[in-house]
Each structure stands twice: as structure tokens, then as C-alpha cells.
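Throughout, protein chains are lettered first and strands after them, A, B, ... in sequence-line order, and every chain is numbered starting at 1.
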Amino acid sequence: MSISTKYNPKEVEKKWYDSWMQRGFFHSEPNPNKEPYTIVIPPPNVTGVLHMGHMLNNTIQDVLIRRARMQGKEACWVPGTDHASIATEAKVVAMLKEKGINKSDLTREEFLEHAWEWKEKYGGIILEQLKKLGASCDWDRTRFTMEDDMSAAVIEVFVDLFRKGQIYRGVRMVNWDPQGRTALSDEEVIPKDTMAKMYHLQYEVVADSASTEPTYITVATSRPETIMADVAVAVNPNDERYTRLHGKSVRIPLLGKVIPVILDEYVSIDFGTGALKVTPAHDLNDYELGQKHKLPTIDILNNDGTLNEQAQLYVGQDRFAARRNIVKDLQETGMLVKIEEYASVLQTSERTGAVIEPRLSMQWWCKMDNMAKPALEAVMNDEIRLHPPKFKNMYRSWMENVHDWCISRQLWWGQQIPAYYLPDGSYVVATTAEEALRLARKESGNNELQLEDLRQDEDVLDTWFSSWLWPISVFNGFKDPDNKDISYYYPTNDLVTAPEILFFWVARMIMAGYEFRNELPFKNVYLTGIVRDTQGRKMSKQLGNSPDPLDLIEQYGADGVRAGMLFSSPAGNDLLFDEKLVEQGRNFSNKIWNAFRLIKGWEVDESLSFPNETAVAWFESRFNEAFIQIEDHFSKFRISDALLAVYKLVWDDFCSNYLEMIKPAYQQPIDKQTIDATTAFLEKVLKVLHPFMPFITEEIWHELKERKNKEYLIVSAWPKKEKFNKGVIEKMESVLNIVGAIRNVRNSKNIPNSKQLDLSIKNLSGTNYEPFLGIIRKLAGISEVSFVSDNLEGAISFVEAGDEFFIPMEGNIDVAAERERLTKELEYTKGFLASVDKKLSNERFVSGAPEAVITAERKKKADAEAKINAIEQSLAVL
RNA sequence: GGGGUGUUAGCUCAGCUGGUUCAGAGCACCUGCCUUACAAGCAGGGGGUCACUGGUUCGAAUCCAGUACGCCCCA
């Protein structure tokens with residue numbers, strides 16, 4: 001037999017992936033005779049490379065889709081990528097810069113040409129990487145959020161929502177990324193804990209008459225460079241320190257401009273000095289305060305973060321340079337009282353890392369409140385289930401406090417907003433320029449207008465404004481709402497994604513589902529955790545703590561990596577990734593491989609009788625029991641638990657126990673009935689293992705037997721739930737306990753495995769041990785078994801299931817040690833009995849507890865008493 | 001500040017409907033084995049007041065309240 005003792009995944013994985021592709025097993029077409037099962041991939045950024053998060057996420061999707069396929073459903077997993085406007089544009093800008101080209105020197109068309117070229121060349125690598133993982137996506141259906149159809153859907157949706165009054169244009173406070181020079185949604189802003197400085201500045205109070213000494217009010221701010229944009233100083237009306245200032249005005253330091261003191265309970269008395277400078281253009285809270293008190297707004301920043309003319313001072317300087325300079329100048333004039341360090345949260349851009357500038361700007365907005373309602377309800381009433389359900393609360397609080405969505409981005413890569421400005425500044429919204437012209441002529445009453453007179457809005461839409469349509473648009477549901485694909489596959493079944501994007505993607509897809517199809521987009525949302533390193537740190541490029549997934553696959557095999565990722569990742573929990581887990585996954589592959597080698601290596605002798613009836617009957621039941629558990633785990637999306645249950649079934653039950661029971665002596669042949677049963681068991685085991693470890697299972701499946709053309713494991717029938725015999729399982733459990741006890745004796749007495757032992761059984765329970773004697777002999781290395789009615793002298797004894805067992809020790813038994821061991825066990829059992837007795841003598845327990853519990857307690861009592869009796873007898877004969 | 005969530009073995013975590021799956025798994029550790037499927041393995045073993053304090057209950061790791069510490073989301 002020349003099969004290697006080590007499983008070698010490399011060529012096996014490539015072979016089977018190609019073979020599956022060739023035979024079209026991943027491809028799906030609507031089939032009215034089958035139940036559809038659909039997953040749409042969370043489209044990774046087209047610029048992305050596979051990281052550990054993707055690995056986890058896509059492994060789970062593949063497990064679900066493979067199981068569904070085997071269950072006979074029409075399984076369709078739609079892959080694709082997202083155009084990721086900011087990330088991609090940043091990459092392209094950087095690439096151009098390396099070539100010495102500035103974006104600002106290019107026209108929009110030129111830039112987009114470069115971008116597309118870049119996308120064609122480098123985009124979508126990640127999809128190729130997913131194939132290495134074994135992802136069984138329907139690659140014929142691969143989509144990209146900026147391909148023509150998808151973009152058309154985005155534009156159509158924009159126009160539709162605009163006509164419904166759900167989209168508007170307005171000046172609002174936005175998160176401004178001065179580096180990317182674009183607005184960001186709240187979700188694209190990452191708060192970072194930092195130590196910041198709090199500057200205490202003096203504002204001179206404008207005196208009633210010129211004669212009095214100047215007085216000052218101290219204001220605390222973290223952003224001294226914005227004082228030129230101040231329009232008021234606010235204090236709490238209940239703050240007695242400042243009562244004297246009610247109705248007064250103050251002078252801005254350096255600038256000398258006079259601004260009023262206003263009163264508002266919003267100001268917290270204990271924070272800073274209790275006096276707040278109000279800068280509506282550069283702080284969200286100040287903006288709201290300004291609106292409330294009808295204060296003007298003075299915007300002193302350019303879109304690149306430098307100061308503009310409105311600032312009057314430090315014009316043209318970057319905001320941080322201006323801060324350094326103003327601090328120096330304030331110090332020199334004595335208006336800076338002190339600088340304090342305090343822990344603060346810095347808002348930064350997810351894409352560029354720049355510090356976010358709250359900024360007033362004209363943007364496009366999408367109203368959320370109407371759409372949020374059905375989306376909230378669907379989750380609250382479990383039409384859409386979140387796994388784990390703890391995310392429901394979070395979802396609710398977000399949806400109840402939902403803000404309008406800023407959907408415009410000052411970028412070129414993406415869907416350009418279909419708004420067209422007329423020369424007079426008014427605008428129309430239309431899917432095409434031609435239609436826009438028609439509308440413009442109609443609305444303006446000016447039939448002389450030409451296409452050249454219209455100017456399309458420069459901005460593009462937020463990436464998520466295309467992603468939220470994904471489950472519908474991948475099936476062309478906008479252009480052709482009743483096509484056979486969308487009618488069949490939509491609503492999809494399960495969505496697997498990270499909790500980080502629960503709001504800006506998942507929630508919005510739900511809204512889009514109800515808004516555009518009156519139907520939920522998916523039924524279950526499985527939320528994975530974040531993959532962290534062993535120290536609990538998020539994996540990141542900067543930290544360099546993330547292993548390269550492809551290296552891992554190279555080293556441990558895709559199956560090993562998949563299993564490793566799943567071993568410790570219950571839904572919604574972060575996964576502390578340790579390469580040890582992948583090693584365990586690899587070892588598991590090897591274990592299965594060797595079980596296969598063993599079975600494959602046996603010679604069959606058809607003349608032999610069938611000696612393994614008990615073992616076969618037991619494993620049959622055990623498989624069915626485990627399978628029911630596995631299915632239960634799956635039904636509750638406990639993927640990790642399902643794998644662990646399979647793992648134990650394979651390793652403990654099948655390999656350590658079953659195969660050892662039936663294994664013929666060295667170089668002896670096996671009987672026909674046993675080999676047939678065992679082959680069938682292995683096939684069943686391979687089936688339940690296949691979704692987790694597709695490659696090795698397919699390999700063994702084909703090596704085990706000749707298979708016809710399309711008889712592949714990937715499309716074989718998932719096992720059915722069947723009844724099992726609980727009694728058989730329990731009996732075997734106690735037999736295995738006996739084996740364990742004998743092995744323990746062997747170990748503690750240093751008796752080598754090669755030395756056979758004898759066993760005497762004092763059968764008090766009336767159990768029929770006959771069918772199990774062969775198993776006990778084989779697994780525990782016993783030669784003679786005898787049944788006795790008296791205790792054996794000079795033997796080590798133990799009790800199991802009410803019966804006593806003796807192993808003769810040929811006189812060299814350590815009486816003292818044995819006595820000690822038995823005494824200890826006796827003490828323990830007596831203590832145990834006492835606690836059971838206490839319970840049973842408690843009348844309220846007996847009357848209050850259910851019958852089954854009481855019976856169980858009575859049985860415990862009887863067992864304990866029998867055991868005490870047996871130990872005492874053993875002690876007596878020692 | 002508001003809301004959520006967690007704290008179980010050295011580590012990572014299960015424990016779902018309160019009671020035999022109730023204190024468990026994997027890794028790590030210790031002992032002994034290269035026993036012809038597998039040393040990427042086999043056999044055995046040690047290790048936990050279930051964060052703390054109270055309450056409900058015949059019975060609490062499990063339910064409730066509070067405290068401490070951690071994490072997440074929103075401000």
C-alpha cells in the first residue's frame with residue numbers, strides 16, 4: 001500500500017476545484033422543481049486583497065451553500081466586487097502620483113480612463129484568492145457595482161427617490177475629510193482615543209463704560225485656531241459664576257471682534273471652565289446651538305483644511321500650522337491662561353486617516369425615517385433574524401435614531417449624481433442628459449436651452465448607495481423587475497457579514513428591499529466577529545499582525561485553514577486567531593486521511609463471518625444521534641458547534657472507538673459485512689464533513705470507490721435524520737468506561753500494552769456482557785474474561801454501572817496504595833450519597849420537583865449505595 | 001453621558017428551556033508509549049468558590065438586583 005501517511009493538500013485542492021468548475025457544480029439556474037437557496041456575497045472592495053476577515057466570512061458562506069447544495073436545493077452564491085469609490089480613487093491617485101501625474105491636471109474623463117485601466121489590471125484579485133479557499137460561488141454571475149446595469153440601477157433609484165421627495169439638497173454639517181477633500185458618512189468616520197490639549201483662553205468682557213478695569217472670561221477649547229469663526233460665548237444660565245455676564249458681550253482675542261454672551265442649559269457647568277465658545281461652522285453641537293439662537297455661521301476653512309479669507313488671520317495656513325501659530329501669539333499677548341491635557345476622541349477618516357473636520361457644506365441627502373420604519377419592524381418581529389440576536393437591540397436603537405444619509409461624495413470614481421444645473425442655478429434630476437434637457441426646458445419655459453447649457457453635478461454617490469441595492473441589482477431587479485432570476489432567487493436566504501457594517505450596509509439593504517420590492521432582501525443575517533490576534537488586537541496592515549491567508553493555505557491546506565477559522569468562532573464573537581487552530585485543522589485533515597488509509601488497506605475475505613454486529617449497530621446509532629445534533633446546530637447558525645460535533649464524531653467515535661473495535665489483527669483480512677458497513681459509515685462521515693473541508697473529503701470520496709461521471713461528493717445527498725437506539729449508545733458508553741478503567745490501571749501500574757491482562761466480572765446488574773466481550777478484549781488488551789460471584793483477592797477492582805470488575809495482579813499488588821485509593825473513592829462516594837440523601841429527604845424537593853428529576857435522584861442514590869457496598873467489600877478482602 | 005454586552009481551567013471559549021450532557025471542549029501542561037492507519041499520533045492524568053454581594057427557588061454557572069472590571073455602539 002503506497003498511500004502517504006501524510007495528507008498532501010496541494011495538488012488535491014487544485015485538481016478538485018478545477019474539476020468542480022468544469023462540471024459546472026457551482027452554477028445555478030432557476031429550477032422550479034427545487035427550492036432555491038441564495039446567498040449574495042458582501043462584495044469586497046475591488047482594490048482589496050484577501051485578509052483573515054474575508055477568510056472567516058467566506059468560509060461560513062461556503063459551508064452554508066455547500067450544505068444547501070447537498071440538501072438538494074438550488075444553491076446559488078453570487079460573487080462580485082464593490083467599486084469602493086474613496087478607497088479606489090485614493091489608490092488610483094497614488095498610482096498616478098508615482099507616475100508624476102496630478103489628479104488636478106487631468107479631466108474627469110482622463111482620470112476615469114486611468115481608473116478603469118487600473119481596475120481591469122489589478123481589480124478583483126480577491127475573487128481569484130477566494131477560489132483557493134474553495135469558495136463555490138457561481139462565477140458566471142460575478143458582478144461589479146459599477147458595471148453598466150448596476151450603475152443604471154443606481155441612477156434610476158436616485159431619480160425615483162428624488163421624485164418621491166426622499167432625496168434633497170441642502171447645507172448641513174458634514175464630516176469633511178480635508179485630505180480626500182470629500183464629505184464622509186458618519187459610518188466612514190473612525191473615532192480614536194487620544195490625549196488632546198485643552199487651551200484656556202481669555203475673552204475680554206466689553207465694559208459698560210470706558211472707565212472700569214477690563215475683566216475677562218476664560219473659555220476652554222481644544223481648537224484655538226477656530227476662534228476667528230466664533231459668533232458667541234455660551235454659559236449655563238444656572239451657573240452662578242457667570243450671572244454677571246448675562247446680556248453682556250465679549251471680545252475675541254487677537255481679532256478684537258465683539259460677540260454676545262448667550263445662555264443655554266446645553267453648556268455643562270463642570271466641563272472646562274463652564275464657558276463655551278460657539279463656532280457654528282466648525283462643530284456639530286455649536287452648529288445646533290447657533291441654529292437655536294439664530295447666530296450667523298462663519299466658515300474659515302478651505303476644503304483642503306487651510307484657512308480662508310474669512311479667518312482674517314493665518315490665511316492660507318493649514319489648520320494645524322494655524323493652531324501652532326495662534327497658540328504662540330495668544331501666549332505672547334497673555335490671553336492663553338493655561339493648557340490642559342485631557343483624554344479625548346479624535347474623529348478620523350476611515351479611508352485616508354486624516355482628522356475629520358466638521359464642516360458646513362452643500363450636499364445631497366437621503367431621508368431615512370420613512371424607510372427605516374419597515375426595516376425596523378422586519379427585524380423586531382423576526383421576519384429577518386439576526387444571529388446572534390443580541391444585535392437586535394443595537395439595531396433598534398440605531399434605527400429609532402436614524403439620521404439622514406449624506407449620499408454625495410466629492411470624487412470622480414463612482415456614479416455621477418444625475419442632477420443638471422441650469423444657467424440660472426436651478427436644477428433638474430433625470431436619468432439622462434436628454435431627459436434633463438427636456439425637463440429643464442419645461443420647467444424654465446425656455447425652449448432655447450441646449451445640452452451645453454446644462455452642467456451635471458460634479459459629485460458622485462456614496463459607494464453604499466450602490467451596495468444597498470446589491471441583493472436586487474445582482475439579479476437585474478431594477479431594469480427588469482419580473483425576470484426569472486429575481487423571481488426565483490429573491491428574497492435571498494442568508495447574509496453573512498461583519499457587525500461593523502450592520503448599519504451602513506445591512507440596514508440599508510433591508511430598507512431598499514422594502515422600498516423597491518416591498519419585500520425583505522434576506523431572511524437571516526449571520527454576523528461574524530472581528531478576527532483579532534492572540535493579544536486581542538485587531539488585525540491590521542500597520543501592526544503587521546495579520547498572517548497572509550494564502551501563505552496559510554499553502555502551509556496547512558485550505559481545509560485546515562477553513563476548519564481552523566471555524567473552531568473558535570461562534571457567531572458575533574470576535575475570533576482570537578491563533579495559528580495553532582489552523583494546525584489543529586491540518587491535523588484533523590491528516591486524521592481523516594489515515595482513517596481512510598486504514599480502511600482502504602484491508603483485504604476482504606468473503607468467507608469470514610461477521611464478528612462486529614455490536615460495533616456496527618452502535619456506530620449506526622451514534623452517527624444518527626450526532627447528526628441530529630449537527631443539524632440542530634446548523635438550524636441555529638451555530639456553525640462552530642456544528643464543526644466541533646463533526647470533529648468529535650470523526651475523531652473520537654469513528655477513529656478512536658469504532659475503527660479500533662472492528663480493526664482485524666495485523667495483516668488479517670476483514671469480513672465482507674464489516675467492510676461494507678464501514679465504507680458506508682465513512683461515506684456518511686465525509687458528507688457531513690464536506691461543507692467544512694471540501695477538498696480532502698472529495699478526494700477520499702473518489703479514492704474510496706469508483707465513481708461514475710457526476711457522482712461527486714459535492715452534489716451527493718445530505719444524510720437524513722434517522723432514529724437511533726439510545727440504549728445501545730448508553731450500554732456502549734459504560735463498556736467504554738470499563739475499557740478506560742482498565743487502561744487507567746495499566747497506566748498507573750506501568751503495565752505495557754503488550755502484556756495481556758485477565759478480567760473478572762462480578763455481574764450484579766444482570767447486564768448481558770456477552771456481545772461486548774470482544775470489544776473489551778480488543779480495546780483494553782484482555783485475554784481471559786471470567787464471571788465470578790465473589791471478590792477476587794490480590795486484584796485491583798473498580799465499579800461500573802453497578803457491577804464489579806477485578807484485574808488479578810499476580811501477587812505484586814501494593815496493598816497500602818490500593819487501600820488508600822479505595823478509601824479515597826469511598827469517602828467521595830459517601831459524600832455524594834449524603835448530598836443526594838439530603839435532597840431526597842427534603843419534602844419540598846420531593847413534592848416540588850418533576851417526576852423525572854426525582855427518579856434520577858433515586859437512581860443516583862441506589863448506584864451510590866451499591867458502589868459503597870462494593871468498595872467496602874474490596875477493602876475487606878485486601 | 002445614554003444604550004448594549006460580557007466576566008466559567010494557564011489561554012480561547014461552550015454550557016441554549018433552572019435539575020445527569022453540569023461544571024465541559026480545544027489548546028497548553030504532566031506521565032507513559034515510535035503498539036504496522038496516523039508522533040500532524042496513541043493511552044492516561046492534574047487543574048475551576050462559574051467576577052463579587054445580595055435576592056427569587058425545594059434547587060442557581062443558568063433567573064433578578066446591585067457592585068467592580070472589560071468590550072461594543074451612540075453622543
Measuring only the C1' atom in each nucleotide, how far is B:rC22 from B:rU17? A whole number of Å is fine. 15 Å

Rounded to whole Å, CD of A:Q668 lies from P of B:rA37 at a distance of 12 Å

Using a cut-off of less than 4.0 Å, is there contact between a side-chain N or O of A:K591 and OP1 or OP2 of B:rC42? yes

When the C1' atoms of B:rU49 and B:rA23 are considered, how many whole Å apart are they? 12 Å

Separation of A:F391 atom CZ from B:rG6 atom C1', in whole Å? 12 Å

Are A:H403 and B:rC74 close enough that a side-chain N or O sits under 4.0 Å from OP1 or OP2? no

From the set B:rA37, B:rA40, B:rG44, return the single nucleotide nearest to any side-chain atom of A:R586. B:rA40

Rounded to whole Å, please give me the gap between CD1 in A:I628 and C1' in B:rC16. 17 Å

OP1 or OP2 of B:rC42 sitting under 4.0 Å from any side-chain N/O of A:W651? yes

Taking CG from A:N401 and P from B:rC74, how many angstroms apart are they, rounded to a whole number? 12 Å

Would one find a side-chain N or O of A:N587 under 4.0 angstrom from OP1 or OP2 of B:rG41? yes

Integer angstrom distance from the P of B:rU62 to that of B:rG55: 14 Å

Nucleotide opposite B:rG19 in a Watson-Crick or G-U pair, distances under 3.5 Å: B:rC58

Counter-base of B:rA14, judged by Watson-Crick or G-U geometry with both distances under 3.5 Å: none

Rounded to the nearest angstrom, tell me the gap between atom CE in A:M661 and atom P in B:rA37. 17 Å

Looking for any heavy atom pair under 4.0 Å, which part of the strands does A:N842 touch: base, sugar-phosphate only, or nothing? sugar-phosphate

Out of curiosity, A:D641 CG to A:F634 CZ, how far, rounded to the nearest 0.5 Å? 11.0 Å

Assess, by modelled atom type and distance only, whether the side chains of A:N737 and A:S734 contain a donor and an acceptor separated by less than 3.5 Å. no

Among A:V616, A:L736, A:I776, find the residue that satisfies the side-chain contact (heavy atoms from CB on, under 4.5 Å) test when tested with A:M661. A:L736

If you check every side-chain atom of A:R597, which of B:rA37, B:rG44, B:rC58 has the closest atom? B:rA37

I'd like the C1' distance from B:rG54 over to B:rA68, given in whole Å. 15 Å

Interatomic distance, A:I751 CD1 vs B:rG32 C1' [rounded to whole Å]: 12 Å

Tell me which nucleotide among B:rU5, B:rG41, B:rA37 gets nearest to the side chain of A:N393. B:rU5

Assess whether one donor atom and one acceptor atom, taken from the side chain of A:E660 and the base of B:rA37, lie less than 3.5 Å apart. yes

Quick one about A:S621 and A:N725 (side-chain donor to acceptor, distance below 3.5 Å, no hydrogens or angles considered), yes or no? no

Any A:R743 side-chain N or O less than 4.0 Å from OP1/OP2 of B:rG44: yes

Would you tell me if any nitrogen or oxygen in the side chain of A:K600 comes within less than 4.0 Å of OP1 or OP2 on B:rA37? no

Mate of B:rG41 across any strand shown (Watson-Crick or G-U wobble, both atom pairs under 3.5 Å) is B:rC33

Rounded P spacing from B:rU36 to B:rC50 in Å: 45 Å

Could you give the distance separating B:rC63 and B:rC16 at their C1' atoms, to the nearest angstrom? 14 Å

From the options B:rG26, B:rA37, B:rC16, select the nucleotide whose nearest atom is closest to the side chain of A:R638. B:rC16

Can you tell me how far P of B:rC16 sits from NZ of A:K390, to the nearest Å? 15 Å

Between B:rA43, B:rG19, B:rA14, which nucleotide gets closest to the side-chain atoms of A:D641? B:rA14

Using a heavy-atom cut-off of 4.0 Å across all strands, would you classify A:Q584 as base, sugar-phosphate, or nothing? sugar-phosphate

Nearest to the side chain of A:N750, heavy atoms from C-beta on, is which of B:rA40, B:rC72, B:rG32? B:rG32

Once you apply the 3.5 Å cut-off to both distances, tell me the Watson-Crick or G-U wobble partner of B:rG47, or none. none

Out of B:rC42, B:rC58, B:rC73, whichever nucleotide has its closest atom nearest the side chain of A:F503: B:rC73

Let me see the working for A:Y7 and A:E699 under side-chain hydrogen bond (donor to acceptor under 3.5 Å, both in side chains), right down to the final yes or no. CA-CA 10 Å; A:Y7 169 64; A:E699 169 76 4; over 6 Å; no

What is the separation between atom CZ on A:F588 and atom C1' on B:rC27, rounded to the nearest whole Å? 16 Å

Apply the test salt bridge (Lys or Arg N to Asp or Glu O under 4.0 Å) to residues A:K861 and A:E865: give CA-CA distance (whole Å), side-chain angles for both, the deciding distance (0.1 Å), then the verdict. CA-CA 6 Å; A:K861 180 181 158 81; A:E865 281 168 349; 3.4 Å; yes

Walking RNA chain B from its 5' end, the first of A:Y7 and A:K860 to be reached, judged by nearest nucleotide, is A:K860

Write down the distance separating the C1' atoms in B:rA75 and B:rG4, rounded off to the nearest Å. 14 Å

Quick one: do the A:Y658 and A:T678 side chains pair a donor with an acceptor below 3.5 Å? yes

Given B:rU20, B:rC27, B:rA37, which nucleotide is nearest the side-chain atoms of A:F832? B:rU20

Using atom P in both nucleotides, what's the gap between B:rG59 and B:rC13 to the nearest angstrom? 34 Å

Polar side-chain atom of A:K778 near backbone of A:K663 as donor-acceptor pair, under 3.5 Å: yes

5'-most contact on RNA chain B: A:K839 or A:S656, nearest heavy atom basis? A:K839

According to the Watson-Crick and G-U wobble definitions, with both distances under 3.5 Å, which nucleotide is paired to B:rU7? B:rA68

Among B:rG44, B:rC27, B:rA37, the one nearest A:A595 by side-chain distance: B:rA37

Indicate the atoms forming the closest heavy-atom contact of A:F654 with A:A595, along with that distance. CE2-CB, 4.5 Å

